[in-house]
S.K.: 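My questions will all concern the structure given below.
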Amino acid sequence: MATINKSATQINATILSNKRVGSYHQILINVGDVVKNCRPGNFVAISVGGDSSKMILRRAFAISRVSENSQYGGSMELIVAPHGSGSKWLCSLPEGSELDIVAPLGTAFGIPTEPINALLIGGGYGSAPLFGLADVLKARNCKVDMLLGASVGAKIYAPLEGKRSVNSLKIYTEDGSMGEKGRVTESLLEIVSNRGIDVIYSCGPMGMLRAITELVAATDVIHQCAVEESMACGIGICMTCVLPVENEDGQVAMLRSCIDGPVMDGSKVKWDLVGQIPEVQQ
Amino acid sequence: MATINKSATQINATILSNKRVGSYHQILINVGDVVKNCRPGNFVAISVGGDSSKMILRRAFAISRVSENSQYGGSMELIVAPHGSGSKWLCSLPEGSELDIVAPLGTAFGIPTEPINALLIGGGYGSAPLFGLADVLKARNCKVDMLLGASVGAKIYAPLEGKRSVNSLKIYTEDGSMGEKGRVTESLLEIVSNRGIDVIYSCGPMGMLRAITELVAATDVIHQCAVEESMACGIGICMTCVLPVENEDGQVAMLRSCIDGPVMDGSKVKWDLVGQIPEVQQ
Amino acid sequence: MSLPVDLSTTLGNAWFPSPIFTASGCASSGKELAQFFALKDVGAIVTKSVMSKPRHGRPTPRMAETPSGMLNSIGLQGPGIDSFLANDVPWLLEQKARVVVSIAGETIEEYSTLARKLRSVSGISAVEVNISCPNVENRGLVFACDPDASRRVIDGVRKTIGGELPIIAKLSPDVTNLPEIARGVVDAGADALALINTVLGMVINVDTMKPHLGGKTGGLSGPAIKPIAVRAVYQVHAALPEVPILGMGGVSSGRDAFELILAGASAVSIGTASFGNPTALIRIQNELRDILAAKGFATLQQAVGFAHREETQ
Amino acid sequence: MSLPVDLSTTLGNAWFPSPIFTASGCASSGKELAQFFALKDVGAIVTKSVMSKPRHGRPTPRMAETPSGMLNSIGLQGPGIDSFLANDVPWLLEQKARVVVSIAGETIEEYSTLARKLRSVSGISAVEVNISCPNVENRGLVFACDPDASRRVIDGVRKTIGGELPIIAKLSPDVTNLPEIARGVVDAGADALALINTVLGMVINVDTMKPHLGGKTGGLSGPAIKPIAVRAVYQVHAALPEVPILGMGGVSSGRDAFELILAGASAVSIGTASFGNPTALIRIQNELRDILAAKGFATLQQAVGFAHREETQ
Ligand SMILES: Cc1cc2nc3c(=O)[nH]c(=O)nc-3n(C[C@H](O)[C@H](O)[C@H](O)COP(=O)(O)OP(=O)(O)OC[C@H]3O[C@@H](n4cnc5c(N)ncnc54)[C@H](O)[C@@H]3O)c2cc1C
Ligand SMILES: Cc1cc2nc3c(=O)[nH]c(=O)nc-3n(C[C@H](O)[C@H](O)[C@H](O)COP(=O)(O)OP(=O)(O)OC[C@H]3O[C@@H](n4cnc5c(N)ncnc54)[C@H](O)[C@@H]3O)c2cc1C
Ligand SMILES: Cc1cc2nc3c(=O)[nH]c(=O)nc-3n(C[C@H](O)[C@H](O)[C@H](O)COP(=O)(O)O)c2cc1C
Ligand SMILES: Cc1cc2nc3c(=O)[nH]c(=O)nc-3n(C[C@H](O)[C@H](O)[C@H](O)COP(=O)(O)O)c2cc1C
Ligand code: FES
Ligand code: FES
């Protein structure tokens, strides 16, 4: 019956492990059959703070990767940056804690039916969903290169297993503490043309997504980006998470990044209008 | 400088142990030198729910007993009934958790300078402060008898060590599941006269305190009772916890049960006016 | 152990099998929640306030979480009444949901225009008139804050829509004298009242040191405002005991819903709670049924306004 | 790393070394908090509203905890002005605390009487006039909800008290048009405004199925109302940028205080937060100092109303 949030369910998940990795926490949760419906790009919305919490809204986190065959049934990995009180609470939870989650939510990265040359670009914890995506792309015989960037080395998330699923991995940090000094956009056009990139998949801060879009605007490269807007509900009912996006008629609509995103076509997002209101067309 | 709340301090205490005992939790906390100022009858006010809690007010608990010589320095025992969300949170805390407490607060039971015959009466968790009191009275060579009552046996709190410090202990339950069937007031006057009781010390539901007061009104027995009113601050600044009490001039004043109590002279409390407002006298 | 409780309720001449409704603007047009429960299983779907033309709403950020609450400044983004009636209403009716259409306007005329379009639509249960909107003809003063403007909006809608469709006037708590506004809209033809809309609030972003929301001020909702909602429902029920109330504001459990019902609400909308819990309506409905049974009520109706019993006996 | 910040502030001609004050009714007359910090170390002690005669206040229960807030209905229990001036004020002055005396009345005359008694007391810094009280001469309508009555109270106090002692008029947020009330009391002679008093609310006890508080309705305070306080201060500062504001409502951290200051408050009262944390004022004062330093403010004054900078440039 439902057309929106199809296959999303609300379940109690158990934390299987919670490890600090650099500046982040890698949290593995037991979610059972829910994994069957999770695609790279989807996210999960988690209740935070427990029963007597003053935090009434769920927190959104990208699904980093899922495994159907873990010893516990389906499990899902999240990469969480301890930011404010909700994410810090999550990072503080011991193994065995129960979480109230809604998943999977949102759009997924489009997977090509042909083998293509893909470039995956992650900023900070934005790399999280890219490793799961790399696995899927590799399984379709795509060539997968990856660029990761962050302000400092501790904010680069690149697990060993993850590295195995990409053909090349290049790391940039703004302070040069890991990889090259600079940003992922540094030599982007060069990389795109040298490697014959067909599609860029990106996830990270809005500024990075915008910069990538602008750089590749003049090329034929398709840019699928996972956006991050402040979300109250995560399921399309509150209208807080909107972004100005060009629709088929060339008009700008305020689309909900929770159900029409987080994965969007970068070239359609009106980055210069974010935080503003376009004129109404009729 | 301070005359009110003298010797109260706000400290972080660590939970040393947390055991279920019948319907209650016996919680032992490490409070250091604070124990030096704690007297039987005093209470402690505890922050509940953690940093992101929607519960903004402290919860009050009678100090059951203190020990200066525990292996951790001073420690304090609380007997907590899991009632609403705050006390349930407290009961759920594991050993090692930190608590933000303010203690000691409120008035203490008056301790006679002469050896007297004392009758201690506790209702439900109201027995908690009575065992510490019994120790002090025994040290002053008083004869200490005790009556405990509750609706059911699981709500009688009477630890083994505690029993040792009283000369006699009689238990009543309303359903007869432990001790005698009935209430602590059942044969109170008989006990008072048979044993030559000089002072009754009581702690428990307001209905019990009122009933005791009324029973002994015609006798010479002094009745010191620890009242329990809903408290927002516990330190005398909010005026929510008031009770109508007769003062020296025979006039009724609305006294704060947090600083002029919890221990009060039962015969001065205007039990019939609780929840009402006396006429203003000028 | 307990007898089944008759949860059915009425607002004006509209009948609902349950008093638990969505709140306008907190369920979009229903489709998004259908994955989580069958829309026909709750009392009614109150749709997001619709205006006559499509609207983009306010700039982002549109929300800020606050202690036990949230601020929003959506600004009535929506498709406009024509698209809404063509696409959303038929779909909801197909789901066999009871539909309460919420309308909003910038002029008294716009409300009447909307009412005219609704008049010809069959199958909807009631119209909720959201008058917490700035009146462009009067320095942007919110209709609901002006007794006269409130009355004129409802009067216009009543005259246009005819006598059949129940009108629920939705009021703002941001007024000095709520019973006065309530009395005015009832006199003008409202069959029921919806209480309360969000409370005007603001959050300042400590980093940018500017108002956090794109629209600067926003509406406060969620458990933080529940005591204000209970007071509003109680006050208005005391003043107008015959007028049914659709209560709302911070309800997130069956106990909360029961509190509003005791205060005088005949039905209860669930708004912000659905953001934190997509199945909130179902859980609240079940909990409410259990509480009513435990308290010995055979019907919801017996509990409506029960907290007033001292005054009326 | 950061320079010392000048925290001093003024309300009318009264100077305070720090902008962090207690809130009336949330510190009794000061003695109770003296165990937890030296009263002279904070900006000022605002005493519990005192009336001309001793009062018992409202029946218990007088409080209910609500999500991130609480309701109270104390009903201005107190010793009356004579006892207060004889016992409490001298003690506070001995502690070298700055004292702001809050007064409350049931008639316009009572406020003037109170002002007359205060006039002769030396050492107090300001008088806060709590006009959120029922006016017995006008069907119990709260003074602060009636622009005319508000003005007359302040006018009476101003005329009685003379020109020296600053008058801080304390307003209720439960009004349709707060800037209008604010303008009225300023015209009548208020030197500063205190915003906000509690928000009218109610809790129904689900067990007894009756209003929980002895006084039925109560005042909502605490973090739940902070967004309402920020909005009120911002709105009134925008309308009357020259009038100093003593902001309050749900402040429980230095960030919260900073938010109110950015919105336009020259000083901030801490009420309910002291119930949860007896040393709240000191912690908040320290946190505020650190935030101001981190943001590069050399003086508190520079931050007052800073969130309005776009509009005024
Ligand atoms: C689709 C999506 C995927 C995300 N994936 C990840 C991830 O994989 N790992 C990760 O660490 N973080 C991720 N985030 C960001 C994460 O949701 C925020 O860091 C988190 O909500 C902050 O909550 P808080 O209580 O710690 O912070 P607070 O600042 O206290 O939160 C206050 C409110 O603002 C919202 N908020 C604050 N920051 C953000 C933000 N950056 N994005 C969206 N909402 C925000 C919160 O949800 C909350 O409602 C993602 C966000 C979205 C929308
Ligand atoms: C001086 C004093 C000594 C006490 N000693 C003990 C003790 O030794 N063991 C024990 O288990 N309990 C004791 N209590 C009662 C205990 O404070 C309450 O059970 C507890 O506050 C309930 O909080 P909650 O969050 O679990 O319940 P809720 O019902 O969720 O609490 C809501 C609010 O009401 C207040 N409240 C609720 N019930 C009571 C109550 N019975 N008395 C006072 N305030 C209440 C709470 O403090 C809170 O502010 C004592 C109370 C006082 C005043
Ligand atoms: C995000 C959001 C959008 C809302 N949009 C509308 C709306 O379009 N029309 C309306 O009448 N009320 C709207 N409201 C108010 C709610 O319907 C409801 O009155 C209010 O939120 C209080 O209920 P709650 O605390 O359960 O959310 C909105 C509330 C929120 C939080
Ligand atoms: C228990 C209590 C008693 C109060 N008594 C008074 C009072 O006597 N006079 C007054 O002007 N305000 C009184 N107030 C209101 C506070 O001064 C303050 O305006 C309000 O609580 C909001 O601030 P807060 O959220 O920091 O508590 C009282 C508030 C509480 C909670
Ligand atoms: S987060 Fe609510 S609509 Fe997207
Ligand atoms: S609890 Fe605040 S005065 Fe007693």
Side-chain angles (χ1 to χ4, degrees), chain A residues 1-11 45-49 51-59 84-86 100-105 206 229-244 251-259 273-282, chain C residues 22-23 25-39 48 53-80 91 94-95 212-215 218 221-224 250 252 271-280:
Chain A
M1 187 169 73
T3 49
I4 306 177
N5 295 316
K6 211 164 80 185
S7 73
T9 47
Q10 180 177 7
I11 61 160
I46 306 182
S47 270
V48 290
D51 284 343
S52 56
S53 174
K54 69 179 173 193
M55 297 181 281
I56 60 166
L57 303 173
R58 283 173 190 266
R59 297 330 193 226
S85 49
D100 171 352
I101 72 165
V102 179
L105 293 171
M206 298 292 268
E229 263 294 332
S230 189
M231 293 180 178
C233 77
I235 57 170
I237 59 176
C238 74
M239 311 297 281
T240 61
C241 62
V242 296
L243 278 179
Q251 299 198 322
V252 179
M254 297 300 280
L255 294 193
R256 287 163 282 185
S257 57
C258 63
I259 57 171
L273 288 178
V274 171
Q276 292 173 47
I277 286 301
E279 298 292 300
V280 176
Q281 308 90 351
Q282 303 229 11
Chain C
T22 62
C26 301
S28 199
S29 61
K31 285 201 179 77
E32 298 80 0
L33 284 175
Q35 169 69 16
F36 300 99
F37 58 88
L39 303 185
K48 171 139 193 71
K53 308 229 169 98
R55 259 171 81 106
H56 282 316
R58 294 246 184 80
T60 54
R62 288 180 170 184
M63 76 102 174
E65 197 185 40
T66 67
S68 298
M70 67 173 279
L71 278 185
N72 86 80
S73 96
I74 308 300
L76 298 175
Q77 174 176 349
W91 185 87
E94 235 167 67
Q95 311 303 311
H212 177 75
L213 298 176
S221 65
S252 56
T272 306
S274 291
F275 302 167
N277 180 3
T279 53

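Owing to the predicted nature of the structure, the values given are computational and were not obtained by experimental measurement. Below, read A as the first sequence line, B as the second, and so on, with proteins coming before strands; counting in each chain starts at 1.
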S.K.: Can you confirm whether E229(A) sits close enough to V274(A) that some side-chain heavy atom of one is under 4.5 Å from a side-chain heavy atom of the other?
M.R.: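 Answer yes - side chains close enough.
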S.K.: So which residue, V102(A), V242(A), T9(A), L273(A), ends up with the most heavy-atom pairs under 4.5 Å with chain C?
M.R.: V242(A)
S.K.: Search all heavy atoms of G218(C) against all heavy atoms of S73(C) and return the closest pair with its distance.
M.R.: CA-CB, 4.2 Å
S.K.: Is any side-chain heavy atom of L255(A) closer than 4.5 Å to a side-chain heavy atom of L243(A)?
M.R.: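 The answer is no; the side chains never approach within 4.5 Å.
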S.K.: Name the region of T66(C), side chain, backbone, both or neither, that has any atom closer than 4.5 Å to a heavy atom of chain A.
M.R.: backbone
S.K.: So which residue, S7(A), P244(A), C241(A), S47(A), ends up with the most heavy-atom pairs under 4.5 Å with chain C?
M.R.: S7(A)
S.K.: Just how far is it from atom OG of S274(C) to atom CD1 of I237(A), taken to the nearest 0.5 Å?
M.R.: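 The distance works out to 5.0 Å.
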S.K.: Return the option, out of G271(C), A273(C), G69(C), with the maximum number of heavy-atom pairs under 4.5 Å with chain A.
M.R.: G69(C)
S.K.: Tell me, out of A64(C), G75(C), S28(C), who's got the most heavy-atom pairs with chain A below 4.5 Å.
M.R.: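 The residue among A64(C), G75(C), S28(C) with the greatest pair count is S28(C).
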S.K.: Would L57(A) and M231(A) count as a side-chain contact (heavy atoms from CB on, under 4.5 Å) here? Give the steps.
M.R.: CA-CA 9 Å; L57(A) 303 173; M231(A) 293 180 178; over 6 Å; no
S.K.: Relative to chain A, which of Q77(C), M63(C), E65(C) shows the most heavy atom pairs under 4.5 Å?
M.R.: E65(C)
S.K.: Could you have a look at S29(C), A224(C), G57(C), G222(C) and say which one has the most heavy-atom pairs with chain A under 4.5 angstrom?
M.R.: G57(C)
S.K.: Quick check: do I277(A) and M254(A) have side-chain heavy atoms less than 4.5 Å from each other?
M.R.: yes
S.K.: For the residue pair F275(C) and C238(A), what are the closest heavy atoms and their distance?
M.R.: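 Here F275(C) and C238(A) meet closest at CZ-CB, 3.4 Å.
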S.K.: Looking at chain A, which one of T279(C), T22(C), T272(C) has the largest number of heavy-atom pairs inside 4.5 Å, strictly under?
M.R.: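 Result: the option with the highest number of such pairs is T279(C).
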S.K.: Which atoms of P61(C) come close to chain A, meaning under 4.5 Å heavy atom to heavy atom: side chain ones, backbone ones, both, or neither?
M.R.: neither
